[in-house]
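Structure record follows, encoded as structure tokens.
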There are 2 protein chains.
Amino acid sequence: MRSVNRDPKSLINRYINAEFTVMKHLFNEIGEAIPEQLTPEQFQILCVIHQRGSCTSTDLADIFKVVKSSITAIVTRLVDRGFIARTRDEEDRRLVVLSLTELGRSIYEQADQKVQDIVASYLVHFDETEVETFIGTYEKLARLMSEGRSRA
Amino acid sequence: MRSVNRDPKSLINRYINAEFTVMKHLFNEIGEAIPEQLTPEQFQILCVIHQRGSCTSTDLADIFKVVKSSITAIVTRLVDRGFIARTRDEEDRRLVVLSLTELGRSIYEQADQKVQDIVASYLVHFDETEVETFIGTYEKLARLMSEGRSRA
DNA sequence: ATTGAATAGTTCGATTAGTGAACTATTTGG
DNA sequence: CCAAATAGTTCACTAATCGAACTATTCAAT
């Protein structure tokens with residue numbers, strides 16, 4: 001990307017505008033579509049616990065790059081609504097293991113289906129190789145950012 | 001994208017994971033980098049006013065897909081900090097015209113430079129055609145979403 | 001074996017962003 | 001000219017986030 005410095009505005013601004021627009025719309029539509037009024041953050045937390053089976057507050061704080069007290073707050077709301085169970089780990093009693101309840105799993109699966117539908121309804125406008133290339137580049141970017149912090 | 005329905009999870013989940021990861025990191029880094037503690041929302045509002053010269057609360061509410069009272073709140077904070085001026089339109093006295101103060105312009109330009117630097121530091125890992133293809137697809141997606149609401 | 005440091009999590013008080021309903025002020029159109 | 005539409009604000013509420021202070025537990029080093 002030699003031309004970044006010669007032509008700094010155009011590509012980067014196009015990228016930022018697209019990113020903001022897409023993210024805003026996606027979040028809005030997901031917010032509308034998700035049953036039981038799950039926020040995007042709540043949805044993502046259920047998603048991680050669903051994928052892993054269980055996890056801790058510290059795991060979630062690392063994944064989402066927020067401090068642990070933020071996780072406590074969100075998790076408490078989800079526990080109050082019966083979507084998540086908090087279980088003390090008997091091996092290491094400092095740990096609180098988070099897992100989905102049956103209700104939580106069911107809610108997550110409904111929400112996930114809606115998200116799939118929304119995204120699919122957009123992806124249908126692209127041909128397959130375009131999508132694969134796009135996602136490949138996107139994942140590379142996500143990887144760079146996750147590894148990141150080593151850049152200037 | 002015929003295979004979306006046959007192979008529904010993989011591509012869509014990869015896309016969503018990448019989207020969330022990238023957005024999270026980008027917002028975090030922008031938040032850290034922006035001077036004077038501008039939040040991403042505040043930055044985006046200054047950005048729109050900077051691009052347009054001036055605008056109204058209703059414009060901003062439309063652009064960001066939020067209700068007008070949200071805009072009132074953010075704008076009030078930016079006015080309090082001296083970044084934005086509210087001017088009653090004498091033609092149509094219902095309108096409040098928002099514009100950047102000198103300070104606001106200066107703060108925005110500093111923040112914008114940091115954002116450019118952050119994005120450039122990632123784009124440098126890609127070759128130019130890859131970036132152009134990626135952004136092209138991204139903009140197409142953003143366009144579909146903006147037009148959207150007409151889908152199922 | 002004891003104790004001091006690290007780790008896991010919560011609580012509390014603050015700020016920011018967002019919503020919806022009720023409100024004021026102005027303009028417009030039948 | 002008056003009713004409806006438009007523009008914006010205020011208010012009370014919720015969600016997410018932060019940071020500092022706190023409890024409880026485990027680990028490590030002497």
Side-chain angles (χ1 to χ4, degrees), chain A residues 20 23-32 34 36-46 48-49 54-81 83-99, chain B residues 20 23-32 34 36-46 48-49 54-81 83-99:
Chain A
F20 282 162
M23 209 55 195
K24 199 72 179 179
H25 280 270
L26 205 53
F27 269 32
N28 278 347
E29 290 194 48
I30 290 173
E32 285 171 27
I34 283 173
E36 296 265 353
Q37 319 274 46
L38 284 186
T39 66
E41 290 81 6
Q42 290 170 357
F43 172 71
Q44 289 175 78
I45 283 186
L46 296 184
V48 169
I49 301 177
S54 68
C55 70
T56 66
S57 289
T58 301
D59 294 338
L60 294 173
D62 289 345
I63 291 170
F64 297 117
K65 314 291 175 201
V66 297
V67 299
K68 285 183 296 181
S69 57
S70 305
I71 300 296
T72 299
I74 300 185
V75 166
T76 297
R77 281 175 213 117
L78 293 170
V79 169
D80 288 348
R81 293 165 71 188
F83 300 161
I84 286 184
R86 276 190 175 110
T87 320
R88 204 100 223 175
D89 184 331
E90 289 305 323
E91 304 297 299
D92 182 343
R93 295 188 47 72
R94 289 171 305 183
L95 304 185
V96 173
V97 177
L98 305 172
S99 55
Chain B
F20 282 162
M23 210 53 196
K24 199 71 179 180
H25 280 271
L26 204 55
F27 269 31
N28 279 347
E29 290 194 48
I30 290 173
E32 286 171 26
I34 284 173
E36 295 266 354
Q37 319 275 46
L38 283 186
T39 66
E41 290 81 6
Q42 290 170 358
F43 173 70
Q44 290 175 78
I45 285 189
L46 296 185
V48 170
I49 301 177
S54 69
C55 69
T56 66
S57 289
T58 300
D59 295 337
L60 294 173
D62 289 345
I63 291 170
F64 297 116
K65 314 291 176 200
V66 296
V67 300
K68 284 185 296 180
S69 55
S70 306
I71 300 295
T72 300
I74 299 185
V75 166
T76 297
R77 280 174 214 117
L78 292 169
V79 168
D80 288 347
R81 294 167 70 189
F83 301 160
I84 287 184
R86 276 189 175 109
T87 319
R88 204 102 222 172
D89 183 331
E90 289 307 322
E91 304 297 299
D92 181 343
R93 295 190 43 74
R94 291 172 302 183
L95 303 185
V96 173
V97 177
L98 305 173
S99 56

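A note on names: the letters A, B, ... follow the listed sequences, proteins ahead of strands, and every chain is numbered from 1.
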Distance, rounded to the nearest Å, where [X] contributes [atom1] and [N] contributes [atom2]:
X	N	atom1	atom2	result
B:Phe43	C:dA17	CZ	P	14 Å
B:Asp62	D:dA7	CG	P	9 Å
B:Arg77	D:dT10	CZ	P	13 Å
B:Leu38	C:dT15	CG	C1'	15 Å
B:Ile63	C:dG18	CD1	P	14 Å
B:Ile71	C:dT19	CD1	C1'	13 Å
B:Ile84	D:dG8	CD1	P	13 Å
A:Lys68	D:dT25	NZ	C1'	12 Å

Scan [X] against the nucleic acid and name what it touches under 4.0 Å (heavy atoms): base, sugar-phosphate only, or nothing.
X	value
B:Ile74	sugar-phosphate
A:Thr56	sugar-phosphate
B:Thr72	base
B:Ser70	base
B:Ala73	nothing

Which of the following nucleotides, C:dT10, C:dT19, D:dT9, is nearest to the side chain of B:Arg86?
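My answer, after comparing the listed nucleotides, is D:dT9.
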Spacing of [atom1] belonging to [X] relative to [atom2] belonging to [Y], to within rounding of 0.5 Å:
X	Y	atom1	atom2	answer
B:Arg86	B:Thr72	CZ	OG1	6.5 Å
B:Arg77	B:Glu41	CZ	CD	9.5 Å
B:Ile74	B:Gln44	CD1	CD	9.0 Å
A:Ile71	A:Leu78	CD1	CG	10.0 Å

Name the residue closer to the 5' end of DNA chain C, choosing between B:Glu41 and B:Arg88 according to the nucleotide with the nearest heavy atom.
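Upstream on the strand: B:Glu41.
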Quick one, B:Val79 and B:Leu98 - any side-chain contact, counting heavy atoms below 4.5 Å?
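When only atoms from C-beta onward are counted, B:Leu98 and B:Val79 do not touch, as no gap falls below 4.5 Å.
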Hey, does A:Ile45 have a side-chain heavy atom less than 4.5 Å from the side chain of A:Ile63?
no
Test log, rule side chain to side chain contact (heavy atoms under 4.5 Å, CB included), inputs A:Leu60 and A:Cys55:
CA-CA 7 Å; A:Leu60 294 173; A:Cys55 70; 3.7 Å; yes
Does [X] have a side-chain nitrogen or oxygen under 4.0 Å from the phosphate oxygens OP1 or OP2 of [N]?
X	N	value
B:Thr76	D:dT9	no
A:Gln37	D:dA15	no
B:Thr58	D:dG8	yes

Considering only heavy atoms and no angle criterion, is a donor-acceptor pair shorter than 3.5 Å present between the side chain of B:Ser69 and the base of D:dG8?
no
Kindly say whether B:Asp59 contributes a backbone atom to a donor-acceptor pair with the side chain of B:Asp62 at under 3.5 angstrom?
no
Residues touching DNA chain D, which here means a heavy atom under 4.0 Å, drawn from residues 89-99 of chain B:
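B:Arg94, B:Leu95, B:Val96 - these, ordered by number, are the residues of the stretch whose heavy atoms sit under 4.0 Å from the strand.
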